[in-house]
Amino acid sequence: MKVCKLLTPGPLTTSETVKAQMLIDRCTWDEEYKSMTQKIRHQLLKVAKASEELYTVILMQGSGTFGVEAVLGTELKSEDKCLIVINGAYGKRMAKIAECLGINYDVYKVNYKTIPDVENIRNIIQRDKQISHIAMVHCETTTGILNPIEEIAGLCKEYRKTFILDAMSSFGGVPIDVENLGIDYLVSSANKCIQGVPGFSFVIAKKEKLSACKGNSKSLSLDLYDQWKNMEKDGKWRFTSPTHAVAAFSMALDELEREGGVQKRYERYKKNNKLLRKRLEDIGINAYICKEFQSPIITTFLFPYKGFDFEKFYNYIKERGFILYPGKLTYEDTFRIGNIGEVYEKDIKKLCDIIQEYIRRSR
Ligand SMILES: *Cc1c(COP(=O)(O)O)cnc(C)c1O
C-alpha cells in the first residue's frame, strides 16, 4: 500500500514516534502499562481544563460511537428526557442510539448549513419541562461546521440541564474549557485531534453526575460507571484494552504538550484550514459552510463544475501522496478535506498545487 498523508477526520496521519510505540507488545496486568492509563487520564483532564476534584476520565474500548453510546446508556434514566440537537450525521447518530436504547428523547433539527439557535432551544425546554438533558455535537464532521457550545452550555447551567457533548473531532484541536462551561459529559476518541490511532474512546465526566449512575446501564460492556470504578482502582481496564493504541495515545498526548498544548495546535489547524480554503477558492472550489461557522478541522467543498468526477480526482491526488474524503451530503455534490493530524503548511501547499494542476488539465 502506498504511504499517503491522510487528509481525513480520523484515522489520520500520526507521527513516526506515535507509530513506533506500537512495535512493543505490552501486558495489561503490568504496573508500567497500568500507570500509562492513569497518566493518560490525568493529562486528558489538563487538556479539558477540568479539575481532579470535580471531573474524571474514563477510557472505553471501541471507536467514538461506543463512547457516545456508553454515556447515553449509562446516564439517561427512565424518568429523563434528552433533547438532541441535529445539524449533521453525528447528531442524527445520537438520536439513533437513543432510539435503540429506548431512551426518551426529542430532536431539535437545524439546517446543515447553520448553527443551532439558543433562543429556539430555550423555547423548547421552557415548553417541555420533562427535558432533563441536552446532547449535541461540537464540530459536525459531516459538514465541518463548528457549533456554538458556549451559549448552549450557558443555557444548561441556567436551567440545570445535564449537558452531553460529542466533541469527537474537536477535542484537543479546539480549546474547550470543560469545567468553566460546566459540561457534564464530553466524548472524544483516540484517533482525532490528539493524533493517536483508533482503538478507544474517552469520556470526561463530572463525578457528581456519573456517581449517580450505578446499575443504570442495560449494557455490561458499555457501562461507563462500572468501567470508571474499575479503572479508578489502579488503571486496569475491565476487559482487554487495546494496548498498542493506548501506548500510541500516551505518546501522542506527550507530543501535544510538546507542541505547546491545545492553543498551539488549534493555531496550526486554523492556519492550514485558512490557507486551504483560500487557495481552493482562487481556483473555483468553494466551501459549503460560510467562514463564520467553519471549523478548523475539516472542510466540505462543492464540486467545482458540472460533471466533476470525484473518483478520478481522488485517484489522481492519491497517486501524488494524499488521501481525500468523500462528501456525506445526500442533496449536494461535495467532497471533504481534513487538516488535522501530522499535517503542516508545506503539505497543504503541495496538495493545493496538485489540485490546481488537476483542475487545469480536466476542465
Ligand atoms: C468520528 C466521529 C464520531 C465517532 O465515529 P466513529 O466512527 O465511531 O469513530 C462521532 N462524532 C463525531 C462528530 C465524529 O467526528
Side-chain angles (χ1 to χ4, degrees), residues 6-14 58-73 82 84-101 107 109-110 112 115-116 134-149 152 163-174 176 183 185-204 219 221-222 224 242 245-246 248-249 252 265-266 269 273 288-289 293-300 323-329 334-341:
L6 303 183
L7 300 177
T8 58
L12 38 64
T13 301
T14 55
I58 310 96
L59 312 183
M60 180 60 87
Q61 293 93 334
S63 78
T65 306
F66 292 60
V68 177
E69 186 159 347
V71 167
L72 294 177
C82 188
I84 301 172
V85 179
I86 301 180
N87 63 344
Y90 293 100
K92 255 166 106 176
R93 189 176 295 174
M94 286 207 275
K96 196 165 181 191
I97 291 170
E99 187 67 40
C100 281
L101 297 179
V107 297
K109 282 191 189 154
V110 187
Y112 281 19
I115 56 172
I134 296 180
M136 69 178 287
V137 176
H138 188 204
C139 170
E140 247 302 351
T141 322
T142 318
T143 57
I145 201 166
L146 194 68
N147 286 321
I149 50 171
I152 295 164
F163 189 32
I164 299 170
L165 184 67
D166 170 347
M168 207 70 66
S169 61
S170 56
F171 186 79
V174 177
I176 306 175
I183 297 167
Y185 294 91
L186 179 149
V187 191
S188 186
S189 77
N191 59 294
K192 305 245 170 157
C193 295
I194 307 288
Q195 300 186 178
V197 304
F200 65 95
S201 60
F202 56 86
V203 180
I204 321 278
S219 160
S221 52
L222 293 179
L224 195 70
V246 170
F249 189 73
R265 183 159 291 180
Y266 173 59
Y269 288 173
N273 185 264
Y288 174 73
I289 297 293
F293 301 156
Q294 172 65 48
S295 72
I297 306 295
I298 183 167
T299 312
T300 296
I323 300 277
L324 304 183
Y325 218 52
K328 211 177 165 112
L329 302 176
T334 58
F335 66 93
R336 289 177 291 174
I337 302 181
N339 52 257
I340 59 179

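All figures in this text were calculated on a predicted structure; none of them were measured in a lab. Start at 1 and go down the list; that is how both ligands and their atoms are numbered.
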With hydrogens left out, which residues have an atom under 4.0 Å from ligand 1, given that only heavy atoms count? Ser63, Gly64, Thr65, Tyr90, Arg93, Val137, Cys139, Thr141, Asp166, Met168, Ser169, Lys192

For Tyr288, what residues pass the side chain to side chain donor-acceptor pair (under 3.5 Å) criterion, not counting sequence neighbours? Tyr331

Identify which one of Thr142, Thr141, Asn191 satisfies the side-chain hydrogen bond (donor to acceptor under 3.5 Å, both in side chains) criterion when paired with Ser169. Thr141

Please list, chain by chain and in numerical order, all residues satisfying side chain to side chain donor-acceptor pair (under 3.5 Å) with Ser170, sequence neighbours excluded. His138

Modelled atom types, side-chain donor and acceptor of Thr143 and Thr300, under 3.5 Å: no

Can you tell me how the ring of Phe202 sits relative to the ring of Phe249, calling it parallel under 30°, perpendicular over 60° and tilted otherwise? tilted

In chain order, what residues pass the side chain to side chain donor-acceptor pair (under 3.5 Å) check against Asn273, with sequence neighbours excluded? Arg277, Thr299, Asn339

